[in-house]
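Note that the coordinates shown come from a computational prediction; the quantities given were computed from them, not determined experimentally. Quick note on labels: first sequence line is chain A, next is B, and so on, each numbered from 1.
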Number of protein chains: 4
Amino acid sequence: MLINIDLQANEPIYEQLKNQIMIRIARKELKPGDGLPSVRRFAADLGINLHTVNKAYQQLKQEGLILIHRQKGVVINPEIPSVDGEYEEKLTRSLRPLIAESACRGMSEAEFTSFCRQLFEQLTGEGDEN
Amino acid sequence: MLINIDLQANEPIYEQLKNQIMIRIARKELKPGDGLPSVRRFAADLGINLHTVNKAYQQLKQEGLILIHRQKGVVINPEIPSVDGEYEEKLTRSLRPLIAESACRGMSEAEFTSFCRQLFEQLTGEGDEN
Amino acid sequence: MLINIDLQANEPIYEQLKNQIMIRIARKELKPGDGLPSVRRFAADLGINLHTVNKAYQQLKQEGLILIHRQKGVVINPEIPSVDGEYEEKLTRSLRPLIAESACRGMSEAEFTSFCRQLFEQLTGEGDEN
Amino acid sequence: MLINIDLQANEPIYEQLKNQIMIRIARKELKPGDGLPSVRRFAADLGINLHTVNKAYQQLKQEGLILIHRQKGVVINPEIPSVDGEYEEKLTRSLRPLIAESACRGMSEAEFTSFCRQLFEQLTGEGDEN
DNA sequence: GTGGTCTAGACCACA
DNA sequence: GTGGTCTAGACCACG
């Protein structure tokens, strides 16, 4: 579990943690059923507070990406819920301002989607490195 | 200047303001050289704090989207700086977590880029719809 | 806002708080749009920690019962979401064990529903006292 | 004894066990005098900890639903105590928040009691369905 | 040992 | 002054 936390960043630590876990799931470095460290263990490893890890876990749990299992501890949900209307709405709200600013700066639709495609491949592709 | 501010949203008000102005620029409802209301005027119109409008303006200025003249007031920058490395970095940082979560939920690259394309068109095209 | 917190009870404090607020909404002592104290104020009044109040508020917000408003602070949601399938499921999960135990002890269906009816009236009825 | 334990659920395992046993009693699948597996046996069958089964049994015993004989093992109490004031109090404490939340969401008294009636029938009637 | 809860005290972004 | 975030340290229920 190589996770890099930037304590100086504006992004809250629990958000960084959430995002890096999601990236690892997308990249299949973390597979459904895989275990995650306990809050205490993870907090110690990362040098952050236990509550901060807990907050990240709680949110991932609520989004259906992980399960908090009474015996096995924390595991990646084997059945991550697929995209629904609610998620599309949320995604739209996040994406719209980014697209707007890019358009302001003269990016064309093709350039923007190509930029996304690149990032997507970079994130999920070459998954066999692990 | 029809601006909708949602005081309940998690998004800070100054961000909402920034985003809506950028959307209007992208949509060409606001064209280079067009004027924006004064801080005081805008704050009064929207029923929000003067400092909040000011914060949005300052950030838009720093990103090069608007110019603040001491006398002529606030205008859309006729020469909005195009995309540079710094902006691409910022965009990447924002986009990556969104892509990661979408990938986790089973969205394919094609679906994601198509989703973006749709939003892009909706935002820039047919600007008279809203 | 007369709220009684029992620090000795098994029920977590934030749950007690949540429940008492919901009871007051059901009883129309708190009406849509009414304000609730700030977390700090409420915590001081109740003699509990600010985070405990915050936890109760966050959960009420997520259930759609309150709004956390950027200016006005915390208010009762004017449009509390009505019962949906998800809520019915949750209600079923809570109710089933209670019904099962009551049935074990010989309560008939009529007795149980009558018991509920009484409680319901006691909770919502005589609402004009305020 | 088909018992389903959900290790991911928020509900403690011993509670799940207690509830499912009570449901089976209510449904007359378990009749007064019927035997239950020994703690060891049950724990092994369910793949859970021995202490967990024991905790469920102890609570059921204390509530008068089962008897634990040193020799004859565990049996359903032939004379389950009927509803008393203490139980009514406990039931009220559990029911009140559920009623309050339902009322908040616009459920009428009739709807709530009808919901309960349905659950009650489903639980006690037609016991051979599951 | 695990997560759940609570407390206390601190800093920051927002308005 | 408000909520949002983070830290630290503590106790308890659960398994």
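- Rounded to an integer number of Å, the gap from A:Gln8 CD to F:dC6 C1' is 13 Å.
- Going from atom NZ of A:Lys55 over to atom P of F:dG4 covers 8 Å, rounded to whole Å.
- The nucleotide whose nearest atom lies closest to any side-chain atom of D:Asn49 is, among E:dC14, F:dG15, F:dT7, F:dG15.
- The side chain of C:Ser38 lies closest to F:dT2, out of F:dT2, E:dA15, E:dT7.
- The CG atom of C:Asn54 sits 14 Å away from the C1' atom of E:dT7 (whole-angstrom rounding).
- Going from atom CZ of C:Arg41 over to atom C1' of F:dT2 covers 14 Å, rounded to whole Å.
- Distance A:Ile48 CD1 to F:dG9 C1': 17 Å, rounded to the nearest Å.
- Listed by residue number, A:Pro12, A:Ile13, A:Tyr14 are the residues of residues 10-20 of chain A with a heavy-atom contact under 4.0 Å to DNA chain F.
- With sequence neighbours excluded, no residue forms a salt bridge (Lys or Arg N to Asp or Glu O under 4.0 Å) with B:Arg96.
- Nearest approach of A:Asn77 to A:Gly64, heavy atoms of both residues: ND2-O, 3.0 Å.
- Mapping A:Val74 and C:Leu50 onto DNA chain E via the closest heavy atom, the residue that lands nearer the 5' end is A:Val74.
- For the pair B:Val75/B:His69, a side-chain contact is recorded, criterion being any heavy-atom separation below 4.5 Å from C-beta on.
- Whole-Å rounding puts the A:Arg70 CZ to E:dT2 C1' distance at 10 Å.
- Contact of the A:Ile5 side chain with the A:Ile3 side chain is registered, since non-hydrogen atoms from C-beta on lie closer than 4.5 Å.
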When the side chains of residues 50-60 of chain A are checked against the rest of the protein, which donor-acceptor pairs come out under 3.5 Å, sequence neighbours left out?
from: A:His51; atom 1: ND1; to: A:Asn49; atom 2: OD1; distance (Å): 3.1
from: A:Tyr57; atom 1: OH; to: A:Pro37; atom 2: O; distance (Å): 2.7
from: A:Gln59; atom 1: OE1; to: A:Lys18; atom 2: NZ; distance (Å): 2.9

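- The distance from atom CD1 of A:Ile68 to atom P of F:dA13 is 20 Å, rounded to the nearest whole Å.
- Between C:Gln58 and F:dG4, a side-chain N or O to OP1/OP2 separation shorter than 4.0 Å is present.
- The side-chain heavy atoms of D:Val74 and D:Val39, taken from C-beta on, include no pair separated by under 4.5 Å.
- Taking the salt bridge (Lys or Arg N to Asp or Glu O under 4.0 Å) definition, one finds that A:Arg40 meets it with nothing, sequence neighbours left out.
- At a cut-off of 3.5 angstrom, the base of F:dG9 holds at least one donor-acceptor pair with the side chain of A:His51.
- Counting only Watson-Crick and G-U wobble pairs whose two distances sit under 3.5 Å, DNA chain F takes part in these stems of three or more pairs: E:1-14 with F:1-14.
- Nucleotides of DNA chain F nearest to A:Leu7 and D:Thr52 differ in position, and the one nearer the 5' end is that of A:Leu7.
- Shortest non-hydrogen contact noted between A:Ile76 and A:Ile25 is CD1-CD1, 3.9 Å.
- Remark on DNA chain F: of its neighbouring residues C:Lys61 and D:Gln59, the 5'-side contact belongs to C:Lys61, judged by nearest-heavy-atom nucleotide.
- In terms of position along DNA chain E, the nucleotide closest to A:His69 lies nearer the 5' end than the nucleotide closest to the other residue of the pair C:Gly47 and A:His69.
- A donor N or O paired with an acceptor N or O is found under 3.5 Å between the base of E:dG3 and the side-chain atoms of A:Arg40.
- Counting to the nearest Å, the C1' atom of F:dG1 and the CZ atom of C:Phe42 are 18 Å from each other.
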Throw together a table of side-chain donor-acceptor distances under 3.5 angstrom for residues 87-94 of chain C, partners on residues two or more places apart or in other chains.
from: C:Tyr87; atom 1: OH; to: D:Ser102; atom 2: N; distance (Å): 3.2
from: C:Tyr87; atom 1: OH; to: D:Ser102; atom 2: OG; distance (Å): 2.8
from: C:Lys90; atom 1: NZ; to: D:Glu101; atom 2: OE1; distance (Å): 3.2
from: C:Lys90; atom 1: NZ; to: D:Glu101; atom 2: OE2; distance (Å): 3.3
from: C:Thr92; atom 1: OG1; to: C:Glu88; atom 2: O; distance (Å): 2.7
from: C:Ser94; atom 1: OG; to: C:Lys90; atom 2: O; distance (Å): 3.1

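- C:Asn4 and C:Gln16 share no side-chain donor-acceptor pair at under 3.5 Å.
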